[in-house]
> 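Could you have a look at this structure, given as structure tokens, before my questions?
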Amino acid sequence: MIRSYAGRGGQSEYCAFFRGLVIFALLSLAFLAQASSGMEKPRVRIFAAASLTDALNKAIEQYESQHDVDIVSVYTSSSTAARQIASGAPIDLFFSANAQWITWLEDQGIELGSRIDLLRNRLALIAPRGGEHPSFTPGNGEALSALLGDQERLSVGDPDHVPAGIYAKQALQSLEEWETLQLRLARADNVRAALALVERGETPLGIVYRTDAEASDKADQLGLFPDDSHEPILYPLVLVNLPASEPAQAFFQWLQSNEALTIFSEVGFLPTDDASH
């Protein structure tokens, strides 16, 4: 059972730090094992936002079927990924769910390579599938808090560091519901964990990306938040381990291709203007 929403303050920060150390240790062991395995196939390592899991897995499968390369992917919150990169995790590409953590890496003195804001997304309100849900569109004048019982919580990525939660906070502030709901949030470590709380019925409502809502067979999308209620939801892709290897550069370029963008669009992502050029 996911209990991350119960932790606040120092306890939450300690848990996040500990999880980060575990992820870093596992990654380092995995990559060292791969490096010493004697396999000749080149390898590209990518950290990606949890919301990219389904689409990027499909893209990787397609790419590997056409190229003699192994793509090693790790999905987690963009904040956790950025902290591991800053700690020296051996990663070639970072596919973040917002630009904030790219900027944070630059502020830490991490040298980054080529970057493109590749994809766009929307923010959705969801509920467990199969319930009798009222018709509801965020921002239509009805309070979201009215859909929650006295002891019920709203599932979100933690607004302190998870991009989906940061966008959710912006949207709730824009709709003048943040003050009412901020103490009733079920804070999850990443957007997929927030989705899981709703899928299991542990919370009656959640705020996730549209692509997560559409990928789930256990949650219903009640409505989309207005685009102007939060900053644009952009997914920047950046080369990290410089100088970038030829396989990493090739995969970076392929992810911008029409072939790759078609795969992302099939699960609900939209290309940015930069990617469309």
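These numbers come from a predicted model, not from an experiment. Computation of the quantities below employed the complete heavy-atom set of this structure, encompassing side-chain atoms and omitting hydrogens, waters and symmetry-equivalent molecules.
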> Decide whether Gln221 and Glu214 meet the rule of one side-chain donor and one side-chain acceptor closer than 3.5 Å.
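Glu214 and Gln221 do not have a side-chain donor-acceptor pair below 3.5 Å.
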> Of the non-hydrogen atoms in Val69 and Glu64, which two are nearest, and what is the gap between them?
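Smallest heavy-atom distance, with atoms named: O-CG, 3.5 Å.
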> Under 6.0 Å from the CD atom of Glu152, do we count more than 12 heavy atoms belonging to anything else shown?
yes
> Just by distance, do the side chain of Ser87 and the backbone of Arg83 share a donor-acceptor pair under 3.5 Å?
yes
> Check whether any side-chain N or O of Asn241 sits under 3.5 Å from a backbone N or O of Ala244 as a donor-acceptor pair, and report yes or no.
no
> Using every non-hydrogen atom in the two residues, find where Ile46 and Ile71 come nearest and quote the distance to one decimal.
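Smallest heavy-atom distance, with atoms named: CG2-CG2, 4.1 Å.
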> Thinking salt bridges, do Arg187 and Asp160 make one under a 4.0 Å N-O criterion?
yes
> Is it the case that the side chains of Glu199 and Ser216 hold a donor-acceptor pair, with the cut-off being a distance below 3.5 Å and no angle test?
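Yes, because at least one side-chain N or O of Ser216 sits under 3.5 Å from a partner of the opposite role on Glu199.
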> Is Thr80 close to Asn190 at the side-chain level, that is, under 4.5 Å between some pair of heavy atoms?
no
> Backbone N or O of Thr203 within a donor-acceptor pair of the Ser155 side chain at under 3.5 Å?
no
> Would you check if the side chain of Arg120 reaches a backbone N or O of Phe269 as a donor-acceptor pair within less than 3.5 Å?
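It does not hold such a pair.
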> With sequence neighbours excluded, tell me which residues meet ring pair (Phe, Tyr, Trp, His ring centres under 6.0 Å) with Tyr63.
His67, Phe251, Trp254
> Using only heavy-atom distances, determine whether the side chains of Tyr167 and Asn121 contain a donor-acceptor pair under 3.5 Å.
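Checked: Tyr167/Asn121 side chains show no N/O donor-acceptor pair below 3.5 Å.
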> Please answer whether the main-chain N or O of Lys218 pairs with a side-chain N or O of Arg129 as donor and acceptor at a distance below 3.5 Å.
no
> Restricting to non-hydrogen atoms, name the atom on Ala194 and the atom on Ala188 that form the minimum distance, rounded to 0.1 Å.
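Ala194 and Ala188 have their closest heavy atoms at N-CB, 3.4 Å.
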> Does CG in Asn140 sit with more than 12 non-hydrogen atoms of other residues, nucleotides or ligands closer than 6.0 Å?
yes
> Just by distance, do the side chain of Ser96 and the backbone of Ala99 share a donor-acceptor pair under 3.5 Å?
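No; zero donor-acceptor contacts below 3.5 Å.
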> Could you tell me whether the side chain of Gln256 and the main chain of Phe252 form a donor-acceptor pair under 3.5 Å?
yes
> Rounded to the nearest 0.5 Å, how far apart are CG of Leu125 and CZ of Arg210?
15.0 Å
> Would the distance check show the side chain of Arg45 and the main-chain N or O of Val72 forming a donor-acceptor pair, the cut-off being under 3.5 Å?
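Flag not set: sc Arg45 to bb Val72 has no pair under 3.5 Å.
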> So, Glu259 and Gln66: side-chain donor and acceptor under 3.5 Å apart, yes or no?
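Glu259 vs Gln66: donor-acceptor pair found between side chains.
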> Leu175 vs Leu144, test: side-chain contact (heavy atoms from CB on, under 4.5 Å). Steps then yes/no.
CA-CA 9 Å; Leu175 301 179; Leu144 190 158; over 6 Å; no
> Whether the side chain of Thr137 engages the backbone of Gly223 through a donor-acceptor N/O pair (distance < 3.5 Å, no angle test) should be reported.
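Not at all, since once roles are kept as given, no pair shorter than 3.5 Å links the two residues.
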> Does a side chain donor of either Thr272 or Tyr235 reach within less than 3.5 Å of an acceptor in the other side chain?
no
> How many angstroms lie between atom OG of Ser77 and atom CG of Asp189, to the nearest 0.5 angstrom?
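If I round to the nearest 0.5 Å, the distance is 7.0 Å.
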> Assess whether a salt bridge exists between Arg192 and Asp54, defined as any Lys/Arg side-chain N lying under 4.0 Å from an Asp/Glu carboxylate O.
yes
